[in-house]
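Atom set for the values below is all heavy atoms of this structure, side chains included, hydrogens, waters and symmetry mates excluded. What you see is a predicted model; the values in this text were computed from it and never measured. Counting begins at 1 with the first residue of the sequence.
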Amino acid sequence: MYNMNSTMRSTIELQLLDFGVRYRKLGEDLYFCMLPNGITFDLLCGDNGTVQMWRFIDAAPSEKAGTCYICSKANASLGVEITDDGDMKLFTELQCVYQNPGFVQRIKKMMVGFFNMITQYESSKPTVG
């Protein structure tokens with residue numbers, strides 16, 4: 001029997017490996033991931049075909065909690081959010097239809113963009129000393 005969710009997860013896992021990303025599954029749909037440069041992030045492969053990746057990058061004042069900036073286009077979103085706990089996170093989300101011929105390319109493009117964004121953010125942070 002065809003199981004779209006497990007097939008989609010398998011495809012995502014293969015893409016992570018192709019990029020040299022090490023990952024650990026936490027449950028059925030959640031992944032804790034590490035890029036080859038040591039930067040970590042989380043990935044969620046939802047039952048509804050949604051793929052989300054995020055990284056907590058900094059703390060923010062508590063009065064900014066709930067602030068969110070999102071750029072959306074063609075079933076994809078990219079943004080910055082300040083959580084209720086005052087954590088600032090970078091995130092991306094893609095609504096996928098596994099049967100679409102461009103599915104793998106969209107996942108690759110999403111991953112490359114997110115990996116570049118979090119790597120650029122980390123490399124632009126000032127260092128002490």
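With sequence neighbours left out, the side-chain hydrogen bond (donor to acceptor under 3.5 Å, both in side chains) criterion links Q95 to T50. By the side chain to side chain contact (heavy atoms under 4.5 Å, CB included) test, M117 is found to be paired with L78, L90, F114, residues two or more places apart in sequence or in another chain being considered. Annotation: side-chain hydrogen bond (donor to acceptor under 3.5 Å, both in side chains) contacts of R55 (sequence neighbours excluded): T40, E122. Partners of K25 by salt bridge (Lys or Arg N to Asp or Glu O under 4.0 Å), not counting sequence neighbours, listed by chain and number: E13. Under the side chain to side chain contact (heavy atoms under 4.5 Å, CB included) criterion, P36 pairs with no residue at all, not counting sequence neighbours. Scored by the side-chain hydrogen bond (donor to acceptor under 3.5 Å, both in side chains) test, Q120 finds no partners at all (sequence neighbours excluded). When the salt bridge (Lys or Arg N to Asp or Glu O under 4.0 Å) test is applied to E63, no partner is found at least two apart in sequence or on another chain.
Clustering ILVMFWY residues whenever any of their side-chain heavy atoms sit less than 4.5 angstrom apart, transitively, puts M110 in a cluster other than the one holding L14. M34 and Y121 end up in different hydrophobic clusters when Ile, Leu, Val, Met, Phe, Trp and Tyr side chains are linked at under 4.5 Å.
In terms of heavy atoms, I39 sits closest to T119 at CD1-CA, 3.7 Å.
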Show your working on side chain to side chain contact (heavy atoms under 4.5 Å, CB included) between M8 and C45 and close with a plain yes or no. CA-CA 8 Å; M8 191 164 93; C45 183; 3.4 Å; yes
If you apply the rule side chain to side chain contact (heavy atoms under 4.5 Å, CB included), what do you find for C68 with V80, and how did you get there? CA-CA 6 Å; C68 189; V80 177; over 6 Å; no
Give the intermediate values and the outcome of side chain to side chain contact (heavy atoms under 4.5 Å, CB included) for residues L35 and I118. CA-CA 10 Å; L35 293 173; I118 62 177; 3.9 Å; yes
Steps toward side chain to side chain contact (heavy atoms under 4.5 Å, CB included) verdict (Q15, V104): CA-CA 8 Å; Q15 294 309 309; V104 174; 3.6 Å; yes
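Cluster partners of F91 are L26, L30, F32, L44, W54, F56, I70, counting Ile, Leu, Val, Met, Phe, Trp and Tyr whose side-chain heavy atoms approach within less than 4.5 Å, directly or via other members.
Residue pairs meeting the side chain to side chain donor-acceptor pair (under 3.5 Å) criterion with at least one partner in residues 103-118, sequence neighbours excluded, are absent. Pairs of residues two or more places apart, or lying in two chains, that qualify as ring pair (Phe, Tyr, Trp, His ring centres under 6.0 Å) and include a residue from residues 10-29 are F19-F115, Y23-Y31. Within the structure, the salt bridge (Lys or Arg N to Asp or Glu O under 4.0 Å) test picks out the following pairs touching residues 75-94 (sequence neighbours left out): E81-K89. Counting only residues at least two apart or in different chains, side chain to side chain donor-acceptor pair (under 3.5 Å) contacts with residues 68-78 comprise S72-S77.
By the 4.5 Å heavy-atom criterion applied to side chains, R9 and D29 are counted as neighbours. Counting only heavy atoms from C-beta outward, the side chains of M111 and I12 approach each other to under 4.5 Å.
Remark: M88 CE to I82 CD1 distance equals 4.5 Å, nearest 0.5 Å.
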